[in-house]
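Working notes for the structure below.
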Amino acid sequence: MAKIAFIGLGHMGGGMAPNLAKAGHEVRAFDLVPDAVKHAQEGGCTPAASVADAVKDADVVITMLPAAQHVRAVFTNDIAPNAKPGTLLIDCSTIDVASAREVGEAMQAKGFDFLDAPVSGGIAAAASGALTFMVGGSDAQFERARPFIEPMAKAVIHAGQLGAGQAAKICNNMILGATMVATCEGFALAEKLGLDLQTFFDISSKASGQSWSMTSYCPVPGVGPETPADHGYEGGFAAALMLKDLKLAADAARSVGAYTPMGAEAEALYERFVEGGGGSKDFSGIIRMIDEPGQGRQN
Ligand code: NAD
């Protein structure tokens with residue numbers, strides 16, 4: 001069994017790290033938030049005092065951080081100077097492709113193996129070990145990393161070379177942002193047309209309007225499986241992080257001249273939701289903005 005350092009124990013990492021401990025690995029866990037470290041300890045991880053302390057004897061380092069600036073800082077300032085040469089580094093955060101490549105190349109130049117391995121699935125999948133991982137790196141690095149990813153995953157897919165995992169994740173989340181908004185609109189309209197929302201769910205979840213946003217993450221409280229909607233849109237995937245991903249998609253689209261009008265509209269709507277104070281709410285909470293009186297446009 002391996003010594004694994006796990007850095008970033010938030011909504012996602014807090015569920016993922018204990019699954020590695022349950023698989024028999026020695027997991028040294030660190031987060032800037034002491035309660036997050038305590039929670040990981042309750043899940044079978046060993047608390048570390050700092051990133052340096054977590055990574056110093058590790059065979060594998062896994063990070064699950066908010067955004068590119070955190071990934072750059074943690075890898076450059078904390079992991080590279082303190083990890084053993086040859087350590088396998090796996091970043092599961094969602095960041096832009098260029099940053100993933102730059103950080104990865106810098107780590108490889110220092111003698112580490114580095115893969116970008118962002119995930120899809122949400123906090124329930126993180127806690128139950130059922131995430132989908134999309135991994136960028138060489139064939140040999142992918143085969144080295146796979147056994148350490150599997151205890152957290154329902155699927156581990158090699159997307160291509162360094163950065164390809166992030167490219168796949170950005171495209172996936174652009175679809176997710178647009179389908180969540182569309183699902184919210186559908187339910188808000190269904191209610192105004194006098195439909196019972198559970199009945200509409202029963203119909204649409206078995207019809208062509210079905211999507212993950214509807215069947216696994218329904219934005220309406222009391223309808224479908226238990227989701228952040230049932231907890232006042234607390235926890236889950238913060239709207240600010242969805243906005244971050246939509247901006248990453250827009251940047252990526254600009255960089256290759258791709259036309260992404262639905263992604264752009266979803267970005268504008270999430271921008272408005274975040275500016276209105278919804279940034280820390282789950283991203284399905286945008287239904288409240290869409291459902292507000294006076295939202296109808298006078299075109
Ligand atoms: P989060 O904000 O809940 O967790 C991030 C954690 O990183 C926090 O606990 C924070 O304290 C910690 N952190 C920040 N800087 C640190 C440092 N220097 N050292 C140690 N810890 C540090 O975010 P999350 O929802 O867990 O998401 C993490 C990543 O996964 C993001 O990139 C997000 O886009 C992506 N993601 C999230 C979801 C979701 O449903 N929440 C799903 C898929 C992917």
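All heavy atoms count here, side chains included; hydrogens, waters and symmetry mates do not. Throughout, numbering of the chain's residues begins at 1 and tracks the sequence. Ligands are counted one by one from 1 in listed order, and the atoms in each one are counted from 1 as well.
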*N/O to N/O below 3.5 Å, does that happen between L65 and ligand 1?*
yes
_Checking contacts here: is it the side chain or the backbone of L241 that comes within 4.0 Å of ligand 1, counting heavy atoms only? Could be both or neither._
side chain
*Between R28 and D53, is there a side-chain N and carboxylate O pair less than 4.0 Å apart?*
yes
*Test S213 against every option in T179, T227, T183 by the side-chain hydrogen bond (donor to acceptor under 3.5 Å, both in side chains) rule and name the one that passes.*
T179
*For D116 and Q166, run side-chain hydrogen bond (donor to acceptor under 3.5 Å, both in side chains): C-alpha distance rounded to whole Å, both residues' side-chain angles, the deciding distance at 0.1 Å, then the answer.*
CA-CA 7 Å; D116 54 301; Q166 296 297 353; 4.8 Å; no
_How far is atom 4 (O) of ligand 1 from the closest protein heavy atom, and which atom is that?_
G10 CA, 3.3 Å
_Option set G8, P66, A238, A240, criterion heavy-atom distance to atom 5 (C) of ligand 1, minimum_ = P66
_Looking at ligand 1, is there an atom of it that comes within less than 4.0 Å of some heavy atom belonging to A36?_
no
*Answer with side chain, backbone, both or neither: which part of K169 has a heavy atom less than 4.0 angstrom from an atom of ligand 1?*
side chain
*N or O contact, D31 vs ligand 1, cut-off under 3.5 Å*: yes
*asked:* Between ligand 1 and S120, is the shortest N or O to N or O distance under 3.5 Å?
replied: no
*Are any side-chain N or O atoms of D230 and backbone N or O atoms of P221, one a donor and one an acceptor, separated by less than 3.5 Å?*
no
*Determine, considering heavy atoms only, which of Q69, H11, H70, M12 sits nearest to atom 36 (N) of ligand 1.*
M12
*So, the side chain of H158 versus the backbone of G137: is there a donor-acceptor pair under 3.5 Å, distance only?*
yes
*Check the hydrophobic clustering (I, L, V, M, F, W, Y; side-chain heavy atoms under 4.5 Å; chains of links allowed) and say if I7 and I4 are grouped together.*
no
*Under 4.0 Å from ligand 1, counting heavy atoms only, is it the side chain of I95, its backbone, both or neither?*
neither
*Above 12 or not: heavy atoms from other molecules or residues under 6.0 Å from NE2 of H39?*
no
_For A145 against L115, the heavy-atom pair lying closest together_ = CB-CD1, 3.7 Å
*What atoms of ligand 1 come closer than 4.0 angstrom to any heavy atom of T94?*
32 (O), 34 (O), 35 (C), 44 (C)
*Taking only heavy atoms of F30 into account, list the atoms of ligand 1 that are under 4.0 Å away from them.*
19 (N), 20 (C)
